[in-house]
Amino acid sequence: MPEIVLSLVVIALLTPLAEVGDSGTQVSVGVRDLFNRYMNGDYELHQLFRSIPASRLAVELPQAARESRPQSSRDRQRIATLALEAAHASVSNGGLERPHRARGDGAVRPTYFESLVAFGRDQLGSHPPSTPFLGHWYHTAIAVCETAQLGALVEQYAEEGLAGFPGHARFVLARAVAVEILSSPYAGVAQDSSARWLNDGSRRFMSAMSFQEVQGEAQLRLGFLESRAGLTAEALRHLADADASLSDPSLRYLARLFQGRILTELNRLDEAEASLRDALQLVPGAQSATLTLASVRLRKSDRAGASLLTDALLSRPARAPDPWWTYWIGDGRLWSEIVATVRQDLK
Amino acid sequence: VNQFLSLLIVLICGSFGLREQTFRTVANAVSVDVSVTANKKAVLGLAAKDFLVLDNGVPQTVSVVTTDTLPIDVTILLDVSFSTDGPVLAGLTRAATDISKLLLPRDRIRLILVTHELHEAFDFAPAGMPLSVTNVAGRGATSLLDGLVAGMLKARADNRRHLLVAITDGRDTLSFFDSRAAYRVALLSDAVVQLLLARDEDGVPNVADLGALARATGGDVRTFSATAPVVHPFSAMLREFRLNYVIYYVPVGVPAGGWHDISVTIPGRPNVDVRARKGYLG
C-alpha cells in the first residue's frame with residue numbers, strides 16, 4: 001500500500017501542473033509560463049516555444065489570455081503580438097497541420113497556425129486605430145504568413161493593412177508576393193491558371209515599382225515571375241534594372257543569379273557564366289549560383305570543371321546562407337528586424 | 001565521352017585479339033549504359049550484332065561489354081529533410097548502411113545528405129565500410145532537384161560506372177533548379193539515375209517529371225513503402241544494374257560537335273524494353 005501511494009506521488013510530481021480554464025481547457029505549466037513571461041516583456045523564449053507543440057499553443061494560449069482578463073489595450077496588443085510569435089514558432093512545430101476531425105464531421109478546420117494568427121487579430125478589435133503599432137503588427141502578420149507560405153493569408157493581411165495605411169510600400173509589395181506564393185512551383189498550380197497569376201502578379205509588382213522604397217525588389221520579383229512564364233526578354237530587362245537600383249547584397253545576388261539562369265536557358269553561356277560569377281562575388285560559395293555555374297561548365301563540355309565546382313561546394317563544411325533559401329518567404333527573411341520593431345512598441 | 005577510351009582499347013583488344021596500337025588513335029568513343037529487360041527480367045546473352053545504335057539517325061558499329069567486368073561508383077542521395085523526420089528517416093539512415101554492404105569490394109560509395117543545403121557526408125570510399133549516418137535529424141526544407149543536379153555533375157572516373165541513387169519521399173520545397181533545368185543536366189550527365197521513392201500516407205511526390213529525368217540517363221523510378229526497408233528495392237535495382245550492357249562505339253558519319261541523339265534498339269527482339277540515355281554532347 002505505501003508503495004502505491006509513493007508511486008502516485010511520483011507520478012503527480014512528474015506530471016506538469018495544469019489548471020482548468022473557464023471553458024474547460026487546461027493550460028499547462030509551459031504555456032502559462034510562456035504567456036506570463038511574454039506579458040512581462042521577456043522575449044527570450046525560443047526554447048520554450050520549441051518545446052510546446054502547435055496543437056497545444058493554439059488551444060491553450062487563447063485560454064491563458066482569457067484567464068488573464070486583459071484590461072488595457074496594451075495588454076491586448078501584447079497578446080496579439082505573442083500570437084504571431086507563437087504562429088511563427090509553430091511553422092516548424094506542427095502549426096500547419098489541421099486538428100483531427102471527428103468521424104462524420106465534414107467541417108474543414110483551420111490549421112493551428114491559422115487559429116493563432118486569427119486569435120491575434122481578434123485581440124485588436126474590428127476597427128483598430130491606425131497607430132504605428134498597428135502598422136508594425138500588420139507587417140509582422142504578413143511576414144509570418146509569408147514564412148508559412150500561405151498566400152491567401154498574406155493577401156488578406158496586406159489588404160487589411162493597406163486599408164489602414166494606404167500607400168504603405170511594403171504592404172503593396174506583399175500583395176504582389178502573395179500572388180507569387182499562390183503560384184509557386186510547390187503550390188500545385190494548374191498550367192491553365194498561369195496566365196491569370198502572371199497578369200495579377202505583373203500588375204501588382206508594377207504598382208509596387210512606383211514606390212522608391214521597394215522599387216528594386218519589385219523589379220527583381222517581377223523579373224523572376226516573368227522568367228517563370230518564359231518571358232525572357234522582359235525578365236532580363238527588369239532584372240538588369242533591379243541590379244542597378246538595389247543595394248542589399250542578397251537581393252543583388254538574386255538579380256544576377258536569375259539573369260544567369262535565364263541566359264543559360266537561352267544558351268548564352270558566356271554571359272551566363274559572367275553573371276553567375278558576379279553573383280558569387282557577392283555571396284561567395286552560395287549553393288544556387290555554384291550549381292548553376294557548374295551546369296554552365298558542363299554545357300560548355302567542361303565536365304571536369306563542373307565536377308570540381310560541385311565537389312568544392314559539397315565538401316565545404318560551412319558556407320554562406322544562400323539568399324535563394326529565403327526568396328519565397330518575402331519579408332519573412334526580415335523577421336528578426338520586424339519583430340524587434342513591434343516589440344519596441346509594446347514597451 | 002572520352003572517359004572510356006582507354007578501357008575501350010583494352011576491352012576491344014582483349015575481346016577480338018586486335019593489336020592495341022590499332023585503337024590508340026581512336027577518339028570520341030561513346031559509351032552507353034543499356035538496360036534490356038523482358039517482363040521486368042534482365043535479358044542476358046546479347047552480343048554486339050544484336051544492337052542497333054543510331055547516332056543522330058546514323059547507324060553505328062558497336063562493341064559490347066557486359067558490365068560485370070566494371071566496378072561501380074554509387075552515389076547515394078539521402079533526403080534527410082524535415083518532411084522525412086520520424087520513422088521514414090530512421091529507415092532511410094539504416095538503409096544507407098545496409099546498401100554499402102551490398103556492394104562488391106571493388107565498388108565505391110559516396111553519400112550526399114539533402115536538406116535545403118547539400119552536404120557530402122563522405123566522398124567515394126571503398127564499399128563495405130561502416131557509414132556514419134546515425135544521429136541525422138530531419139530538418140530544414142528539401143532541395144531534391146538541386147541534389148540530383150549536384151550528383152549528376154560529378155564526373156565519372158575512368159573505367160568505372162556511376163550509379164546515382166536518390167532515396168527520397170519525392171517532395172521538393174526549395175530547389176533552385178526546376179524540373180526542366182534538371183532534365184537538361186540529366187541529358188548531359190554520365191551517371192545513371194535511379195530514384196527510390198518512399199511512399200507514406202502523407203502524400204505523393206510534388207516534383208513533375210522525376211521519372212523522365214531518371215529515364216533520360218537510362219535509369220528509372222521505383223517506389224517502396226516508407227515503413228519497409230529500402231534495402232530490398234535497392235538490392236533488386238543493383239542486381240539489374242549489374243546485368244546492364246555497356247555498349248561502345250566510335251561515331252562515324254556524323255559531325256563531331258553539338259548534341260547527338262542516341263537511339264538503341266534490338267531489332268531481333270521487338271518485345272524487350274530497352275533503356276539508355278537519350279544522347280550526349282559531342
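Numbered from 1 within each chain, the chains take letters A, B, ... in sequence-line order.
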Got B:Arg215 and B:Leu210 here, is their nearest side-chain heavy-atom distance under 4.5 Å? no

Heavy-atom cut-off 4.5 Å, strictly under: side chain, backbone, both or neither for B:Ser179 against chain A? neither

A:Thr310 vs B:Lys154, side chain to side chain contact (heavy atoms under 4.5 Å, CB included): CA-CA, chis, key distance, verdict: CA-CA 7 Å; A:Thr310 313; B:Lys154 178 87 168 176; over 6 Å; no

Heavy-atom contact with chain A under 4.5 Å, split by part of B:Asp123: neither

Is the shortest side-chain heavy-atom distance between B:Ile109 and B:Phe122 below 4.5 Å? yes

Contact list (residues 284-294 of chain A to chain B, heavy-atom gap under 4.5 Å, by number) returns A:Gln287, A:Ser288, A:Leu291, A:Thr292, A:Ala294

Which heavy atom of A:Pro321 sits nearest a heavy atom of A:Val283, and at what distance? O-CG1, 3.9 Å

Given the options B:Thr75, B:Val193, B:Ile76, B:Val165 meets side chain to side chain contact (heavy atoms under 4.5 Å, CB included) only with B:Ile76

Where on B:Leu153 is there a heavy atom nearer than 4.5 Å to chain A: the side chain, the backbone, both, or neither? both

Does any backbone or side-chain atom of A:Glu265 lie under 4.5 Å from a heavy atom of chain B? Answer side chain, backbone, both or neither. both

For B:Leu148, the option from B:Leu195, B:Thr168, B:Val185, B:Asp172 that meets side chain to side chain contact (heavy atoms under 4.5 Å, CB included): B:Leu195

Does anything in residues 143-152 of chain B pair up under side-chain hydrogen bond (donor to acceptor under 3.5 Å, both in side chains), and if so which pairs, sequence neighbours excluded? none

Can you tell me how the ring of B:His162 sits relative to the ring of B:Phe124, calling it parallel under 30°, perpendicular over 60° and tilted otherwise? perpendicular

Heavy-atom pairs under 4.5 Å with chain B: which of A:Arg297, A:Gln149, A:Arg228, A:Arg299 has the most? A:Arg299

Answer key: most heavy-atom pairs under 4.5 Å with chain B among A:Leu309, A:Leu257, A:Leu313 is A:Leu257

On a heavy-atom basis, which atom in A:Ala54 and which in A:Gly94 lie closest, and how many Å separate them? CB-C, 3.6 Å

